[in-house]
Colleague: 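Dumping the structure here so I can ask a few things about it.
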Amino acid sequence: MGSLHQQLENRSEEKAVTKALSIVIVTWNCKKFTDECLASLHAYRNNPRAEIIVVDNDSADGTPELVRDSYPEVTLVQTNQNLGFAKGNNVGLRMCTGEYVFLINPDVHVLDGCLERMMEYMSANPKIGLLGPRMLGGDGKPYRSYMSAPTLWRLFCHALGLDSVFPKSKFFGGYLMPWFEGDRIAEVDILNGWFWLTRREALRDVGLLDETLFMYGDDLDWCTRFRGAGWKLVFYPEVASIHYGGGSSSNAPVRFYVEMQRANLQYWQKNFGRASQAMFMAIVLIHQSIRLLANTLIYAGAKSKRPQAAGKMKMSFACLRWALGFGYDKGVRK
């Protein structure tokens, strides 16, 4: 990862200026969301202190044409292939020159004042390497955007639903932190990768995202590396933005669900030994079996919930096929 030092410094020298902030957005077939996201960044599109870089992963729905025609002040990079989330963000990271760098999903509506206040807070706290705001859903309600570092015990409790049965218990609910209401500034292990702010100094220390992780798992890996390099990760609920969710994954929900499990396994393979990896896969099997059974019962007993239950059944079935070595279901690549 040491080459990132040279890449970032060389880019700054080429432009003969360092921006105050860079915004990197990776898109794939999410034209409507991208339009709203870029519109919400109106204060930064013509701001000489800022740059916005959109990396399009070969969208076929008119996303690159939208960016080029409606937002000419935005830098558009067309990859001509789907590089995935991590590699696509790395393309933007190699280009950016900002002292502060935002990685924002295209299905995010950035609320006024969010970026400025995040930079102010990070500037006042030089040990913070990664900062994340409060996440609001499309319904305006707050949703979780942080986690504890995964351990076998925490994943096992989550697989059995113990974190739902005992939501106030740190012992049983350690992974998704249901006991934390997200109502205060807090140092956390993992910030989910929908909206990140990092600083150039930390980026030089930690390096780029792991490109072997196609779509998911990058947040677990990057956050682990930030902590390993001595940087703090902080959840900052003093500001918020809207994350609609599913901007790209809704195009192929079964595939992306299995990709998430696969990425988690890659993270486990990267950080733990064979015995731990085997136990991790056993927990995946337990979790998905319980999930499949529960949604089968819901499908059979609640007519109004059948469409949602059927979708979850397909996801769990596909995940079980993958975990047992049969590949992905529904024609999704192995």
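In this chain, numbering begins with 1 at the start of the sequence shown. Every value quoted in this text rests on a predicted model; they were computed, and no experiment measured them.
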Colleague: Salt bridge check, Glu259 against Arg262: does any charged N sit closer than 4.0 Å to a carboxylate O?
Modeller: yes
Colleague: Do Tyr71 and Asp35 meet the criterion of a side-chain donor-acceptor pair at a distance under 3.5 Å?
Modeller: yes
Colleague: Are the side chain of Asp107 and the backbone of Tyr244 linked by a donor-acceptor contact shorter than 3.5 Å?
Modeller: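 No, because the side chain of Asp107 does not come within donor-acceptor range (under 3.5 Å) of the backbone of Tyr244.
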Colleague: Quick one: ring-ring contact (aromatic ring centres under 6.0 Å, His included) partners of Phe172, sequence neighbours excluded?
Modeller: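 Listed in chain order: Phe166.
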Colleague: Do the side-chain N and O atoms of Gln78 and Asp58 include a donor-acceptor pair separated by under 3.5 angstrom?
Modeller: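 Gln78 vs Asp58: no donor-acceptor pair found between side chains.
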Colleague: Are side-chain N/O atoms of Gln288 and Tyr257 paired as donor and acceptor at under 3.5 Å?
Modeller: yes
Colleague: Does anything in residues 292-308 pair up under salt bridge (Lys or Arg N to Asp or Glu O under 4.0 Å), and if so which pairs, sequence neighbours excluded?
Modeller: none
Colleague: Name all residues meeting the side-chain hydrogen bond (donor to acceptor under 3.5 Å, both in side chains) criterion together with Ser59; count only those two or more places apart in sequence or in a different chain, and write none if there are none.
Modeller: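 Per chain and number, Ser59 pairs via side-chain hydrogen bond (donor to acceptor under 3.5 Å, both in side chains) with Asp56.
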Colleague: Using a strict cut-off of less than 4.0 Å between a Lys/Arg side-chain nitrogen and an Asp/Glu carboxylate oxygen, indicate whether Glu181 and Lys168 qualify as a salt bridge.
Modeller: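 Salt bridge between Glu181 and Lys168, a charged N being under 4.0 Å from a carboxylate O: yes.
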Colleague: Trp268: which residues meet the ring-ring contact (aromatic ring centres under 6.0 Å, His included) condition with it, sequence neighbours left out?
Modeller: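 Counting only residues at least two positions away or on another chain, Trp268 forms a ring-ring contact (aromatic ring centres under 6.0 Å, His included) with Phe272, Phe280.
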Colleague: Under 3.5 Å, which donor-acceptor pairs link side chains of residues 228-235 to any protein atom two or more places apart or in another chain?
Modeller:
unit_1 : atom_1 : unit_2 : atom_2 : d
Trp231 : NE1    : Asp205 : OD2    : 3.0

Colleague: Side chains of Glu51 and Thr75: do they bring a donor and an acceptor to under 3.5 Å?
Modeller: no
Colleague: Is the ring pair Trp222/Trp196 parallel, tilted or perpendicular, if the boundaries are 30 and 60 degrees?
Modeller: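 Aromatic pair Trp222/Trp196 classed tilted.
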Colleague: Please determine if Glu211 and Arg94 form a salt bridge, counting it only when a charged side-chain N lies under 4.0 Å from a carboxylate O.
Modeller: yes
Colleague: With sequence neighbours left out, write down each residue that passes side-chain contact (heavy atoms from CB on, under 4.5 Å) with Thr212, or none if nothing qualifies.
Modeller: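 Partners of Thr212 by the side-chain contact (heavy atoms from CB on, under 4.5 Å) criterion, ordered by chain and then number, come out as Asp210, Gln266.
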